[in-house]
Amino acid sequence: MSVKGINLSHTYALHSIFAFDALKDINFEINDGEFIGIIGHTGSGKSTFIQHLNRLLSPTAGHVLLDGVDINGDGIMMKDVVKKVGVVFQYPEYQLFEDTIYKDIAFGAKNMGYEDIEGIVKESMELVGLDFEYYKDKAPFNLSGGQKRRVAIAGVLAMKPSVLILDEPASGLDPIGREEIFENIKTLHKKKNLTTILVSHSMNDISNIADRIMVFNEGKLEMFDETKNVFNNIKMLGNIGLDIPESKKLLLLLKERGFDVDTDLYKEDDVINEVVRVLKKG
Amino acid sequence: MLNDITIGQYYPTGSPIHKMDPRTKLMMTFLYVILLFFANNVYSFVFMFLLLSVAIKVSKVPLSYILRGIKTIVFIIMFTVVLNMFMTPGDNVLCQWGIFKLTTEGIYNAVKMAIRIVLLVCGTSLMTLVTSPISLTDGMENLMGKVPILKNYAHELAMMMSIALRFIPTLMEETNRIINAQKSRGADFESGNLIRRAKALIPVLVPLFLSAFQRAEDLALAMEARCYRGGENRTRLKELKYTYLDRYGYMISFFMIAGVVTLNVFGVYLL
Ligand SMILES: Nc1ncnc2c1ncn2[C@@H]1O[C@H](COP(=O)(O)OP(=O)(O)OP(=O)(O)O)[C@@H](O)[C@H]1O
Ligand SMILES: [Mg+2]
């Protein structure tokens, strides 16, 4: 499913002294099946932006289009929008409320009026790597942070969205938990061809996974381009307080020392291969 | 829905009222509320209304912010009005169903009560809008310390209040976040009858309570870890100090008393 924004702006507390322009005239187009990364400094408007994509916030100016249809248009129900665009918020474990994991994951699916709830819950749990039989009757509150988060993600997947948005899905997790979540997201994107939008403060995580990157700065969309081009724009990133992935830093340092490496690379695997190639050449 | 709660919401404009000592503002509000119940004729009510209007004007707080407080208590006002209309004993009966009598005294009472409640809510809203929560509790602690019975609990009460006020915005933010998350999962809070709507709140209340308890525990632990042991021997960063503004404040207070007493007494002749 394609997502498009036209002159999207948002002002919090419009018409009061607290008025604050959180998004300023944003234009973008995300194609079906793409994996988009969103980066930006704290307070740059990332969370505000994603809340527009499933109509939790309405633009104070401009439009959001899903497959060409304005989601704030007449006759479009909130339910139709959340069915298509699933959002996993920052610290999603705080949304769990049922006494069993099964019921909690089923909540969204039931609200959407789906038929085979058990089948859907089972599939969603498998997608995030939770064993159905083992976990279904457990209470969600006794799980570890990483497991809770996977339950929350499964709860969103159970609504069968065509666009999946994740706001900092790995924040506050240990390295193994992080890795597992990202592996889940990667396979999800591949298996279901979900259009995926991922907000993250970690350039390393984003660089390994995103096709294109949106760079937010003080409410403006500073840059929206292929991952390679964004990370080649080191000066702009530095100006707005962002960094480049460690892998790319390594290549730049090697280049500085006179090695002939391709500094356009940024994915961990590609960088490892490149370093091995250069080292072998001697 | 949540944005209607104005308690604990500070609206800074830097007006002279904002700069007054919180004790003065508390005393003036307290006095205003008492006088509202002494006021007994049209003239004294108009006088009370004018006082509040001037205060709002000087404070530069938009009227809409002050009126928001009323929106949440419309129900209570209506209830009081109806109760007063039909339950006031009186001779001048307009119509009657069983034990319910509509009398002119009843109507008169109901109108008076409604005006009182509206002015009371607006007046107290104004006070919280022009006083930051911290200075409000400082002022309360100081004033309670001067009342014999409350003296020993002044610090604890003030601390409880400042914690409560401190957490109103945090909990509202949290509530908003949880509502957003559940809306994204298709929860519907706006349609259906009362029972359905109450049920729809469960997915919000359960996580909210869980996190509120967690926060309370964390806070208690953090306070103990820093050796908090009540108010004894505590010094403060900002000492409360009266300025010339407060002198005016107390002068206005006397003017308020004098005004209401005079109008109450002479209102009879003016009519
Ligand atoms: N409900 C609100 N009312 C007023 N201002 C808000 C509100 N929510 C966010 N803001 C402001 O809008 C700006 C953007 O906030 P947003 O949450 O979108 O940032 P973010 O990029 O997601 O930051 P982070 O990386 O910390 O999550 C911030 O300056 C914030 O203070
Ligand atoms: Mg955010």
Side-chain angles (χ1 to χ4, degrees), chain A residues 12-18 47-48 50-51 53-57 77-99 103-114 139-141 148 152-161 163-167, chain B residues 1-6 9-15 18 59-68 129-130 169-192 196-197 199-215 218:
Chain A
Y12 280 114
L14 199 63
H15 310 306
S16 85
I17 56 159
F18 298 114
S47 300
T48 308
I50 60 171
Q51 285 177 53
L53 304 186
N54 79 338
R55 215 172 99 168
L56 283 176
L57 291 175
M77 308 267 286
M78 180 79 184
K79 199 172 133 184
D80 305 328
V81 179
V82 296
K83 199 172 190 167
K84 287 178 190 146
V85 182
V87 180
V88 179
F89 285 99
Q90 241 162 335
Y91 298 105
E93 50 273 30
Y94 291 124
Q95 72 186 38
L96 304 178
F97 71 98
E98 286 281 15
D99 51 352
K103 281 199 231 166
D104 210 287
I105 296 176
F107 179 67
K110 275 187 192 151
N111 285 333
M112 293 301 108
Y114 290 137
F141 305 110
K148 273 188 203 168
I153 295 175
V156 172
L157 290 177
M159 294 161 55
K160 305 193 168 207
V163 180
L164 180 64
I165 302 176
L166 302 124
D167 195 350
Chain B
M1 139 173 91
L2 289 165
N3 302 329
D4 292 341
I5 301 171
T6 42
Q9 215 187 66
Y10 179 48
Y11 194 99
T13 64
S15 77
H18 286 74
S59 74
K60 295 194 201 129
V61 177
L63 197 59
S64 62
Y65 268 77
I66 291 158
L67 294 180
R68 255 190 226 175
L129 283 164
V130 298
T170 313
L171 286 178
M172 284 213 307
E173 209 183 295
E174 186 109 1
T175 313
N176 257 327
R177 222 179 19 218
I178 297 170
I179 287 181
N180 274 348
Q182 307 301 26
K183 265 191 188 164
S184 302
R185 295 210 276 166
D188 182 1
F189 302 109
E190 268 120 43
S191 60
R196 263 200 62 171
R197 279 198 218 189
K199 262 196 178 154
L201 285 179
I202 293 175
V204 176
L205 293 180
V206 172
L208 186 65
F209 272 86
L210 279 174
S211 85
F213 286 137
Q214 187 61 49
R215 268 180 209 286
D218 290 349

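By convention in this document, chain letters (A, B, ...) are assigned in the order of the sequence lines, proteins followed by strands, and residues within each chain are numbered from 1.
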Could you state the interatomic distance from [atom1] ([X]) to [atom2] ([Y]), rounded to the nearest 0.5 Å?
{"X": "A:Tyr94", "Y": "B:Ile178", "atom1": "OH", "atom2": "CD1", "value": "9.5 Å"}
{"X": "A:Leu96", "Y": "B:Leu210", "atom1": "CG", "atom2": "CG", "value": "9.5 Å"}
{"X": "B:Asp188", "Y": "A:Met77", "atom1": "CG", "atom2": "CE", "value": "8.0 Å"}
{"X": "B:Arg177", "Y": "A:Tyr91", "atom1": "CZ", "atom2": "OH", "value": "9.0 Å"}

May I ask you to check whether over 12 heavy atoms, not counting those of B:Arg215, lie within 6.0 Å of atom CZ?
->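 Yes, because the 6.0 Å sphere around CZ of B:Arg215 holds more than 12 heavy atoms from other groups.
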Could you tell me which residues in residues 105-112 of chain A have at least one non-hydrogen atom under 4.5 Å from a non-hydrogen atom of chain B, sorted by residue number?
->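 Residues of residues 105-112 of chain A touching chain B at under 4.5 Å: A:Phe107, A:Gly108, A:Asn111, A:Met112.
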Residues from residues 78-88 of chain A approaching chain B under 4.5 Å (heavy atoms) =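 If one takes a 4.5 Å heavy-atom cut-off, the residues of residues 78-88 of chain A near chain B are A:Met78, A:Val82, A:Val87.
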Measure distances from A:Glu98 to the heavy atoms of chain B and classify the residue's part below 4.5 Å as side chain, backbone, both or neither.
->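 Neither the backbone nor the side chain of A:Glu98 comes within 4.5 Å of chain B.
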Side chain, backbone, both or neither of A:Phe141 within contact of chain B (heavy atoms, under 4.5 Å) =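 A:Phe141 touches chain B through side-chain heavy atoms alone.
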Residues two or more places apart in sequence or in another chain: which of them pass side chain to side chain contact (heavy atoms under 4.5 Å, CB included) with A:Ala13?
->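 Side chain to side chain contact (heavy atoms under 4.5 Å, CB included) check on A:Ala13 returns A:Ser16, A:Phe18.
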Under 4.5 Å from a heavy atom of chain A, the part of B:Pro62 involved |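 Neither; nothing under 4.5 Å.
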Option among A:Leu56, A:Ile165, A:Val156 that satisfies the side chain to side chain contact (heavy atoms under 4.5 Å, CB included) test with B:Ser184 |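 Considering A:Leu56, A:Ile165, A:Val156, a side chain to side chain contact (heavy atoms under 4.5 Å, CB included) with B:Ser184 is found only for A:Leu56.
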Restricting to pairs with a member in residues 178-187 of chain B, which pass salt bridge (charged side-chain N to carboxylate O under 4.0 Å, His left out), not counting sequence neighbours?
->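 Found A:Asp104-B:Arg185.
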